[in-house]
Amino acid sequence: MNPASRMVYYAEVWEMVRQIPVGRVATYGQIASLLYPPEGITPQAYKAFSPRWVGGAMAACPDDVPWQRVINSQGKISLRRGEGQTNQRELLEAEGVIFDERERVDLSRFRWSGPENK
DNA sequence: TCCTTGACTCAGA
DNA sequence: CTCTGAGCCAAGG
């Protein structure tokens, strides 16, 4: 897959993430499932790896993307290796998202319901 | 070209 | 519900 296609995909991810309202969170897999696979990617490959691509997109996201609202399917914050603990949790708490004592979010309560097919 | 790693997920205990 | 382990395909060294 060429770099250009990947950038386009990243841009789509960011666009989707920007639609997550304040006080809500979404999972990597959820974001991925809302987007169409990049060109030249088989459905199987997409299913298997899209969550990590979303992660990759987050790693390179612009400042106007609320990356902190994207967490893993367990409701926990995932950080890139070596990346020190950021204040992602504080950012979310400031938006009204509640973390339990194990730094976990109750997805059944804060999970973003999707683009609402506006 | 080969080998390791990955902001993940799902199934099984 | 929580903890472990295996697997997914591509990118990067």
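Residue numbers begin at 1 in each chain, while the letters A, B, ... track the order of the sequences.
Atom CZ of A:Phe99 sits about 6.5 Å away from atom CD of A:Gln88, to the nearest 0.5 Å. Atoms CG and CZ, from A:Leu92 and A:Arg24 in turn, are 12.5 Å apart once rounded to the nearest 0.5 Å. A distance of 7.5 Å separates CD1 of A:Ile31 from CE of A:Met58, quoted to the nearest 0.5 Å.
Among the nucleotides B:dA7, C:dA10, C:dC8, the one closest to any side-chain atom of A:Leu79 is B:dA7. For A:Tyr28, counting side-chain heavy atoms from C-beta on, the closest listed nucleotide (C:dT2, B:dT9, C:dC8) is B:dT9. Of the listed nucleotides (B:dT9, B:dC8, C:dT2), C:dT2 has the atom at the smallest distance from the side chain of A:Arg104. Distance from the side chain of A:Trp53 is smallest for C:dA10 among the nucleotides C:dA10, C:dG12, B:dT9. Among C:dA10, B:dC8, C:dT2, the nucleotide with an atom closest to any side-chain atom of A:Ala45 is C:dA10. With distances taken from any side-chain atom of A:Gln74 to the nucleotides C:dC8, B:dT9, C:dT2, the minimum falls on B:dT9. The side chain of A:Ala48 sits closest to C:dC8 out of C:dC8, C:dG12, B:dA7.
As rounded to whole Å, 12 Å separates atom C1' of C:dT2 from atom CG of A:Asp100. Rounded to a whole Å, the CG atom of A:Leu107 is 14 Å from the C1' atom of C:dC1. Put simply, CG on A:Asn72 is 7 Å from P on B:dC8, counting in whole angstrom units. Rounded to a whole Å, the CZ atom of A:Arg102 is 12 Å from the P atom of C:dC1. Between the CZ atom of A:Arg111 and the C1' atom of B:dT9 there is a distance of 14 Å, given to the nearest Å. Going from atom CD of A:Gln68 over to atom P of B:dA7 covers 18 Å, rounded to whole Å. A straight line from CD1 of A:Ile20 to C1' of B:dA7 spans 13 Å, rounded to a whole angstrom. Atom CG of A:Leu35 and atom P of B:dC8 are 17 Å apart (whole Å).
In this structure, the side chain of A:Arg69 engages the main chain of A:Ile20 through a donor-acceptor pair within 3.5 Å. Checked by atom type and distance alone, the side chain of A:Trp67 never pairs as donor or acceptor with a backbone atom of A:Cys61 at under 3.5 Å.
A:Ala59 comes within 4.0 angstrom of a base, heavy atoms only.
At a cut-off of 3.5 angstrom, the base of C:dC9 holds no donor-acceptor pair with the side chain of A:Arg52.
Phosphate contact (OP1/OP2 of B:dC8, side-chain N/O of A:Ser78, threshold under 4.0 Å): present.
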